[in-house]
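Before any comments, here is the structure.
FYI, side chains are in, hydrogens and waters are out, and symmetry mates aren't considered; it's all heavy atoms of this structure.
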Amino acid sequence: MIISFSGDPFLATRAARRKLSELRETVPEFTELAGELTPDRVASATAQAGLFGASGLFLDFDSAFSGQAGVKPRNALLKALGSLAPDSTVIVVDSSATPARQKQWQALGEHVHLPAPRFQALSRWVSRELQEAGVEYEAGVPELLIELFGEDLPALASEVVKLSLLGR
């Protein structure tokens, strides 16, 4: 099973980490690979069985492949991922995936695209974050946070966490 995430780097990475946490119940061991990702390195990591049964991989394409020099190695790895054993569990963060590469990810397994919310969607996103964090808030708080922090999603999420400590 291959699950990939693209879109806003913060949202894609956070969603991938959450999926990793969910899957830890069925796949207790995950190996995180970043830096130099090669088909051989990935194949070797998936071939190793975990100490307690199933194991999986967490691949960070964002840190491994950048610029024009990363295109050929990235494409080689994408091709190699298609030939992994079907029982392999792989979570991939590829926030800069183009629409064509998103289609490749969909062909390999599940793909989730998380674009950065803008305008009214940003206000709804902040409201959802506040609700999920259990923060009681008055009308206008999401807009105030957006006014203070703009479209900086990590900063907004951080402020929501701080507010959750206060509860209100």
Side-chain angles (χ1 to χ4, degrees), residues 1-50 53-129 131-132 146 150-158 160:
M1 163 177 49
I2 297 175
I3 306 168
S4 58
F5 297 86
S6 66
D8 179 79
F10 171 74
L11 295 178
T13 302
R14 187 171 76 164
R17 296 270 178 210
R18 284 182 176 167
K19 189 64 167 180
L20 178 69
S21 293
E22 287 173 23
L23 291 175
R24 286 221 189 258
E25 292 178 20
T26 55
V27 183
E29 290 186 38
F30 269 88
T31 303
E32 187 167 339
L33 298 178
E36 188 178 335
L37 292 177
T38 63
D40 292 338
R41 187 172 177 211
V42 170
S44 146
T46 55
Q48 298 173 1
S55 65
L57 286 178
F58 186 92
L59 305 177
D60 186 354
F61 272 45
D62 291 347
S63 66
F65 306 112
S66 61
Q68 192 64 28
V71 172
K72 189 174 181 180
R74 183 193 63 228
N75 290 343
L77 184 55
L78 268 167
K79 190 174 185 177
L81 286 174
S83 63
L84 290 180
D87 62 340
S88 300
T89 302
V90 181
I91 297 175
V92 181
V93 176
D94 185 8
S95 64
S96 61
T98 61
R101 206 158 64 241
Q102 289 176 35
K103 286 181 182 178
Q104 286 179 302
W105 286 121
Q106 288 170 349
L108 290 172
E110 182 183 337
H111 179 72
V112 179
H113 182 68
L114 301 163
R118 302 275 191 252
F119 311 113
Q120 286 301 99
L122 182 59
S123 181
R124 287 190 301 272
W125 181 82
V126 172
S127 295
R128 245 188 339 270
E129 291 288 311
Q131 289 168 358
E132 288 174 6
I146 293 167
E151 294 182 354
D152 186 352
L153 298 181
L156 287 165
S158 175
V160 168

Quick one: does [X]'s side chain get under 4.5 Å of [Y]'s, heavy atoms only?
X   : Y   : value
S88 : L81 : no
T13 : S95 : no
R14 : F5  : no
L59 : V92 : yes
L33 : R41 : yes

Would you give the length of the straight line joining atom [atom1] of [X] to atom [atom2] of [Y], rounded to the nearest 0.5 angstrom?
X    : Y    : atom1 : atom2 : result
L108 : L84  : CG    : CG    : 9.0 Å
D8   : L153 : CG    : CG    : 5.0 Å
F30  : L23  : CZ    : CG    : 5.0 Å

If you take all heavy atoms of [X] and [Y], which pair is closest and at what distance?
X    : Y    : answer
A45  : L57  : CB-CD2, 3.5 Å
I91  : A16  : CG2-CB, 3.9 Å
G150 : L122 : O-CD2, 4.0 Å

Decide yes or no on side chain to side chain contact (heavy atoms under 4.5 Å, CB included) for R101 and D94, but give the supporting numbers first. CA-CA 9 Å; R101 206 158 64 241; D94 185 8; 2.8 Å; yes
Just say parallel, tilted or perpendicular for the rings of F65 and F61, cut-offs at 30° and 60°.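 Rings of F65 and F61: perpendicular, over 60°.
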Tell me if the CD atom of E36 is crowded by more than 12 foreign heavy atoms within 6.0 Å.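 Incorrect, the count does not exceed 12.
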Could you check whether any side-chain N or O of Q102 sits under 3.5 Å from a backbone N or O of A97, counting only pairs where one atom can act as donor and the other as acceptor?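 The answer is yes, because a donor-acceptor pair under 3.5 Å joins these two groups.
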